[in-house]
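What follows is a set of notes on a single structure, which appears directly below.
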Amino acid sequence: MSAITATSAAGPAAGSSIRSWKNPILLSVLALVAVAVFAIGAPGNTATFRLSAPNDVIALPDLVLSARLVGWMCALTLLAGAAYALAAVRRSEPVPGWVLAGFSALFVLGFLTWVVGSARTPNVALYGLLAGAVTLAVPLIFGSLSGVLCERSGVINIAIEGQLLFGAFAAAVAASLSGSAAVGLLAAAAAGVMVSLVLAVFSIKYLVNQVIVGVVLNVLVSGLTGFLFSTVLSADSDTWNSPPRLPVLPVPFLADLPILGPILFKQTVVGYLMYVSVAVVYIGLFHTSWGLRTRAVGEHPKAADTLGVNVNRRRFINVLLAGVIAGVGGSFFTLVSVSSFGRDMTAGQGYIALAALIFGRWNPIGAFFAALLFGFATNLSNVLSLLGTPVPDQFLRMLPYLVTIFAVAGLVGRSRAPGAIGLPYVKG
Amino acid sequence: MKLELIGITKRFGSLLANDSIDLVVEAGQVHSLLGENGAGKSTLMNVLYGLYQPTAGQILVDGHPVVFNGPGEAMAAGIGMVHQHFMLVPVFTVAENVALGKESSTSLGWLDLEQTRARIIEISTQYGFDVDPDAIVEELPVGVQQRVEIIKALVRDAQVLILDEPTAVLTPRETDELLAIIAQLKADGKSIVFISHKLREVKAVSDVISVIRRGRVVGQADPSAPTAELASMMVGRAVSLTLEKTVAVPGERTFVVDGLSVTSAHGQRVVENLSFGIARGEILAVAGVQGNGQTELTEAIMGLQDHVSGSIMLDGQQLIGRSTREIIDAGVGFVPEDRNVDGLVSSFTVAENLILNRYSHAPFARGLAMRPSLIAKNAAEKIAEFDIRTESAAAPAGTLSGGNQQKVVMAREFSRPLKLFIASQPTRGVDVGSIEFLHQRIVAERDVGTPVMIVSTELDEVLELADRIAVLYRGRLMGIVPGGTARDVLGLMMAGTPAEEALAQHPNRSGGTQ
């Protein structure tokens, strides 16, 4: 302990950092891919991006790009970016963040232009692509907020998947039985809390390894809901598994804004709750005494304890709150997206949410944008497979997972987890 | 505030950590608890601070009995504690750390740190602390972090301040500053409980000294009592505080480090351009406050660091780039700084730990098979030679006391002819009796003509063993001075003053014994 504090404090000389060639090499490879595919392999026609739907109140003109011109421009700029990164590392300087951000954006633009241009129908609705990305990101965002709450207080939450799935199941059953989507929403929150309760009791009170409890919970929920699905729900799906959908509540006028309107102002209750949750968790964590204590408990529980903060109670409460959030996220599957429960319908989204949380550096806003990125990748693969692109469907479906692994391991560098994450707190 | 402990007993299972301890701390008094590591000082203070419940006994505050069910209640009663390992959240600002647990909020529920900032600045000015409330704690020097701990207690109106081994991580100059702060707190009517095993500081700061040994108060002493008397009270028998050591006869310089730099995994230069040599039959002590590159230096020599440049030559052979196994086989003996983590396998027996560096060689191995009878015979010899107190050679090493564990490590490393011996913190957490013995063994190794390198953060140990002293500060060498150089000079060097300047500031005290 003291060695750690002393090293960071008594301060070793702040010298030059180790040269890491990871970034420039990755950028160079991507830039070469861009030259070969986006520029040299560019189709001769144009790619059309529609910015507004035909019957929108405010109509924007279509964006028509020459695939060859944009391909070459992107490829050359990407090459320049890679060269800049190489030069920076040669000077033993880190690659600046804006280079990485600009590089990523240009690469996406180049890819989109190329892939849309080469498709059988070289025409895509950009507004739909973005709105769909947000929709697909909703459960991811709830899941990663649940993770933020748990992990900031020092409890690893692998059980996001289970919380989402149980939330989806409870929402479907409760809404079907009562005929009210609102009841379904409440049931989803309660179901998330039930999963959290088991996680909290075993990991905080009985000090069981948090990762193991989480994994076991996921398997348990999957098995339990799968069993009930095949016995009860399938037998009489009219009674048990036909929940009413949550209505979309457009905000007058604002919902008609091009591109942003459908994303921000044409959502269901769950969609609006998602934006509210991000703001509340962010403000709560960084601007209230509750958040200060939560972060203290996750970073250095003993310090918090010596100041009279009840570490385990705080963790317990946070894990339960996390259950509420993830449970509500789960209701998205059965009350918004599809109006019936299906076996294992969350399909690993809880794990992607976990990745979004890490990519977002345990910050609610970071996790929000990370989840949006994953949602975008998923939606892109859906849309592109419909357009009939030259890339095989199977590869497109790998896209979100490729983005996940690169995002977490590669470009962003190492993010710092809360200091006491995964460590149960025992007094004395 | 007057604080009384009456008959405090604390039992952990079969271990009696505190045995009916009585202690009275008067208002405006500095009361020192002197005792060796493991004597029960910290346990007693954790009982007082509400972290442990006493098995028996009573705590009185101003004559009224109190029970503390947690640190919060102890704090409310006016007791503050500065822990040996600071209880600070490293990624928080000073203000956030101070506010934690008693935050104030605006009417909208937002966190309000303004009052805390104002209090920090007020206390900081009053005591001359120079602490910025918005600094991130992990970026502050250790001495300043300690002041943040003191501020935390003062903000909570502590009348009794417990300081647990407060000087362990400080430079000599920071120690002096801390002692001045204590005097000022005392003048303001605060009571101080000062816990230490360092005799010099205890004598300098105390009004009353209580000596604790094996969980009992064995007596009270006056600060003017002679050092030897205090030491023998603490240890329980007469100890010689000075080591019998002849003048070194340095031979050929067989170990030469040239331009050594080490970069940490986080990209920081932790050792920068070090050059020094050690001759056969000489002890070079590397002094410095903990965390100034000593660990990385020894690990670089042992091949345990990844990003190393420069040259490390032993008998004309380059060590950089070789595996740790090859370096050990080249004749380097190494006592790591944390014996529980790197020095021993606690769950292995004493006999097994004694051959960890030679288990694959003859005579202990034959082909793939170990030879238990020879391993047992070796253990019996070493246990006798090093006076290792253990139930048997088959006892797990983790069951031994700190001093005896260190003897096992030392016995193992000395059990083969060495071309270089490195010991990091050779006597940390070791009882005074064993310290004498271990020091004698180190000097004996020097006298057979091995170059010896000692890394220690204890100035007493450095001065006792060293023929020459190298001082590290932030990974850089501040200079190499003769053994017996004045403490003031070494203190300046440990705080970052180069040797020539430090010597110039104390011209009449530079006379070494060389």
Side-chain angles (χ1 to χ4, degrees), chain A residues 1-20 89 92-94 152 154 280 283-311 313-314 361-362 413-414 416-420 426-428, chain B residues 46 49 51-52 70-73 75-76 81 83-92 96-97 99-105 109-111 137-142 144-145 152 156 168-169 171 261 263-272 289-293 295-296 307 337-338 474-476:
Chain A
M1 278 296 282
S2 66
I4 295 165
T5 44
T7 312
S8 54
S16 53
S17 53
I18 305 171
R19 291 180 186 183
S20 163
V89 172
S92 298
E93 287 167 12
R152 277 284 182 170
V280 166
I283 291 170
L285 266 185
F286 296 106
H287 295 288
T288 68
S289 63
W290 167 80
L292 188 73
R293 289 177 180 209
T294 294
R295 287 182 288 137
V297 160
E299 291 285 350
H300 193 335
K302 191 153 193 199
D305 190 18
T306 56
L307 294 173
V309 175
N310 189 329
V311 174
R313 186 180 357 165
R314 183 137 311 258
R361 303 191 173 200
W362 285 268
R414 201 174 294 167
R416 184 167 167 183
V426 189
K427 258 183 193 270
Chain B
N46 283 334
Y49 195 56
L51 280 167
Y52 297 152
E73 293 179 22
M75 270 181 315
M81 181 152 172
H83 296 261
Q84 184 176 0
H85 303 302
F86 300 149
M87 291 299 158
L88 297 170
V89 181
V91 297
F92 279 14
E96 285 174 330
N97 265 296
L100 184 64
K102 57 179 299 258
E103 311 87 355
S104 41
S105 297
W110 285 55
L111 185 64
V137 162
E138 66 183 346
E139 291 165 5
L140 294 173
V142 179
V144 180
Q145 291 189 12
K152 260 166 71 180
R156 289 167 171 77
V169 289
T171 63
S261 291
T263 311
S264 76
H266 305 295
Q268 278 173 318
R269 210 31 94 70
V270 282
V271 170
E272 192 143 8
V289 179
Q290 191 170 357
N292 275 285
T295 310
E296 291 82 1
H307 306 282
E337 63 181 14
D338 189 339
R474 299 199 169 185
R476 283 192 290 270

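The chains referred to below are lettered A, B, ... by the order of the sequence lines, with proteins before strands, and numbering in each begins at 1.
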**Complete:** Of all heavy-atom pairs linking B/W110 and A/I283, the shortest is CZ2-CG2, 3.8 Å
**Prompt:** Any idea which heavy atoms bring B/G109 and A/T288 closest together, and the distance?
**Reply:** O-CG2, 3.6 Å
**Request:** Under 4.5 Å, counting heavy-atom pairs only, tell me which of A/E299, A/H287, A/R295 racks up the most with chain B.
**Result:** A/H287
**Message:** Taking every non-hydrogen pair under 4.5 Å, which of A/G419, A/P418, A/G308, A/A296 racks up the most with chain B?
**Reply:** A/A296
**Request:** Go through B/V89, B/L100, B/V91, B/N46 and name the one with the most non-hydrogen pairs under 4.5 angstrom from chain A.
**Result:** B/L100
**Prompt:** Can you name the residues that form a side-chain hydrogen bond (donor to acceptor under 3.5 Å, both in side chains) with B/E96, not counting sequence neighbours?
**Reply:** none
**Request:** Name all residues meeting the side-chain hydrogen bond (donor to acceptor under 3.5 Å, both in side chains) criterion together with A/T306; count only those two or more places apart in sequence or in a different chain, and write none if there are none.
**Result:** none
Counting only non-hydrogen atoms closer than 4.5 Å, does [X] touch chain A with its backbone (N, CA, C, O), its side chain (CB onward), both, or neither?
{"X": "B/K102", "result": "backbone"}
{"X": "B/L88", "result": "backbone"}
{"X": "B/N97", "result": "backbone"}

**Message:** Between A/R293 (side chain only) and B/G101 (backbone N and O only), is there a donor and an acceptor less than 3.5 Å apart?
**Reply:** yes
**Prompt:** Can you find a heavy atom in the side chain of A/L307 that is under 4.5 Å from one in the side chain of B/M87?
**Reply:** no
